[in-house]
2 protein chains.
Amino acid sequence: MPAKPSGAPQRRSRNTGAATASGGPPLSLERIIATAVELLDTQGVDGLSMRRLADRLGAGAMSLYWHVGNKEEVFDLALDAVLAYHPPEAEAHGWRANVVHMLEDWRAAMLRHPWSAALLPRRALGPSMLGRLELLSQTLSRAGVADADLNVAIWSVWNYVMGATITRGSFDRSPDDLAAAQRRLTELGERYPSIDRSRLLLDSDWDGAFKKGLDLLLDGLTPKR
Amino acid sequence: MPAKPSGAPQRRSRNTGAATASGGPPLSLERIIATAVELLDTQGVDGLSMRRLADRLGAGAMSLYWHVGNKEEVFDLALDAVLAYHPPEAEAHGWRANVVHMLEDWRAAMLRHPWSAALLPRRALGPSMLGRLELLSQTLSRAGVADADLNVAIWSVWNYVMGATITRGSFDRSPDDLAAAQRRLTELGERYPSIDRSRLLLDSDWDGAFKKGLDLLLDGLTPKR
DNA sequence: CGTCTGACTCGTACAGTGTACGAGTGTTTG
DNA sequence: CAAACACTCGTACACTGTACGAGTCAGACG
């Protein structure tokens with residue numbers, strides 16, 4: 001029996017210097033995840049296959065499975081890596097600025113890595129997301145939101161950002177798709193006149209709308225001062 | 001040359017009565033999509049393969065490709081089928097009730113078909129979604145939202161529902177997963193004290209929180225009366 | 001009647017996928 | 001030295017989406 005208990009994969013990565021067959025740097029969980037993120041950024045969700053990932057690492061496909069239980073875990077870890085939050089060290093701008101910073105950082109991270117929006121609904125909450133939730137929870141609580149309203153407040157803000165990011169992410173497609181959308185929209189002008197008139201899908205100031213809506217929400221959720 | 005121009009797949013479905021090899025009812029786009037939804041409901045996103053779908057229809061796998069361009073299109077059509085909105089015929093409850101009804105119906109549909117949340121971020125807006133957007137746009141506009149604020153209002157509400165549904169969807173997992181989550185959460189109580197204290201992930205009254213948050217948003221977005 | 005055209009079905013084949021299995025390597029420990 | 005460990009990886013298998021082309025049948029046209 002070699003090792004590899006499937007119940008709790010170990011991923012110790014002591015990495016005592018053994019290089020891969022092609023002489024590249026040794027495999028490690030960090031390197032695997034970093035390369036996975038790279039691959040996802042350049043090729044999208046469907047572009048990530050275990051073989052391609054291994055190739056980029058100069059390793060055999062099955063070598064990955066020593067460090068990782070299965071492909072899903074690669075997705076989980078890549079997602080979590082990309083969503084990690086490092087709050088700014090010097091801050092005294094008040095609770096609201098902190099919350100807004102964290103949420104905008106979240107949104108920015110997901111837009112920087114568009115595949116994350118497609119992955120998020122499938123995966124459970126990883127440490128990064130839990131950390132953000134915890135921060136949100138603490139900050140709102142400290143801002144004076146009553147315990148009875150806290151959960152509503154947290155989820156409202158959370159959901160808003162989640163939805164805004166996912167919606168937004170589904171709109172920056174390739175120029176081809178964009179041209180097609182333009183064509184289709186004018187053709188559909190009669191069927192969807194109000195959407196057409198407001199140029200909802202075309203001219204929307206996403207970032208501005210995001211910020212405005214968030215402000216409104218926070219105004220409504222926290223005790224007025 | 002048989003036919004089948006790949007540029008614009010035809011899917012006419014004249015269906016002159018030719019039955020499938022196994023004697024079942026003939027293939028048609030409607031039957032394919034309905035069965036696809038069935039399969040997605042019972043087996044999830046990964047459970048839908050062209051071969052399985054064809055088997056359920058009593059047809060050969062490649063027969064599907066006469067009616068459908070590729071697998072992605074099956075996803076698109078299934079998603080759109082599930083998200084179609086049929087507003088109640090008799091309504092005079094005012095604009096707000098109409099908006100709320102449509103949004104709750106949307107949320108209910110997505111929770112009834114959990115795979116839809118995973119699919120939505122990947123696909124463009126289909127007719128059903130556009131129809132809902134159009135309705136939302138018209139209703140808010142008629143309710144007195146100024147043109148300048150209209151897009152912000154639409155997207156805020158939209159994003160809220162989207163996020164709420166996706167978040168919520170990622171929490172009703174199998175009993176196994178739920179037990180595991182419970183175990184993990186108490187273990188993580190020290191790392192995420194505020195989440196733990198508020199029992200944010202466990203006891204949350206999702207439906208109540210959804211409605212409250214939505215009310216708050218609508219209050220903030222529409223002219224006060 | 002024969003032939004033709006188009007609608008539709010489907011068997012085969014191919015390249016690609018995730019990963020189970022087990023043999024291999026080199027290092028550390030007893 | 002031997003045994004245990006940490007790790008790598010080639011082969012194999014079941015399964016995927018779908019390109020290709022042959023096959024079936026209904027109705028139209030001569």
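Quick caveat: nothing in here was measured; it's all calculated off a predicted structure. Order of the sequence lines sets the chain letters (A, B, ...), proteins ahead of strands, with each chain counted from 1.
Under 4.0 Å is where a charged nitrogen must lie from a carboxylate oxygen, and between A:R122 and A:E72 no such pair does. A salt bridge does not link A:D196 to A:R191: none of the charged side-chain nitrogens sits closer than 4.0 Å to a carboxylate oxygen.
Classified by interplanar angle (parallel below 30°, tilted 30° to 60°, perpendicular above 60°), the ring pair A:W158/A:W106 is tilted. Aromatic ring pairs are classed by plane angle as parallel below 30°, tilted from 30° to 60° and perpendicular above 60°; the pair B:Y85 and B:H101 is tilted.
The distance from atom CE of B:M62 to atom P of C:dC8 is 16 Å, rounded to the nearest whole Å. Rounded to an integer number of Å, the gap from CG of B:L53 to C1' of D:dT18 is 14 Å. If you take CD of B:E73 and P of D:dT18, they are 11 Å apart, rounded to a whole angstrom. For A:D55 and D:dT8, the CG to P distance is 15 Å, given to the nearest whole Å. The distance between atom CH2 of A:W66 and atom C1' of C:dT19, rounded to the nearest whole Å, is 16 Å.
Listed pair A:S63 / D:dC9 meets the phosphate criterion, a side-chain N or O lying under 4.0 Å from OP1 or OP2. Taking 4.0 angstrom as the limit, A:H67 places none of its side-chain polar atoms (N or O) nearer than this to OP1 or OP2 of D:dA6.
Cation-pi geometry between B:R107 and B:F210 is satisfied (NZ or CZ under 6.0 Å from the ring centre, within 45° of the ring normal).
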Self-check item: Trace of the side-chain hydrogen bond (donor to acceptor under 3.5 Å, both in side chains) decision for B:N159 with A:T167
Solution: CA-CA 7 Å; B:N159 294 337; A:T167 301; 3.0 Å; yes
Pairwise N/O distances under 3.5 Å, protein to nucleotides 16-18 of chain C:
unit_1 : atom_1 : unit_2 : atom_2 : d
C:dT17 : OP1    : A:S49  : OG     : 3.2
C:dG18 : OP1    : A:K71  : NZ     : 2.6
C:dG18 : OP2    : A:M50  : N      : 2.9
C:dG18 : N7     : A:R51  : NH2    : 2.6
C:dG18 : O6     : A:R51  : NH2    : 2.9

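Closest approach to the A:L27 side chain among C:dT9, D:dT8, D:dC9 is made by D:dT8 (side chain taken as heavy atoms from C-beta onward).
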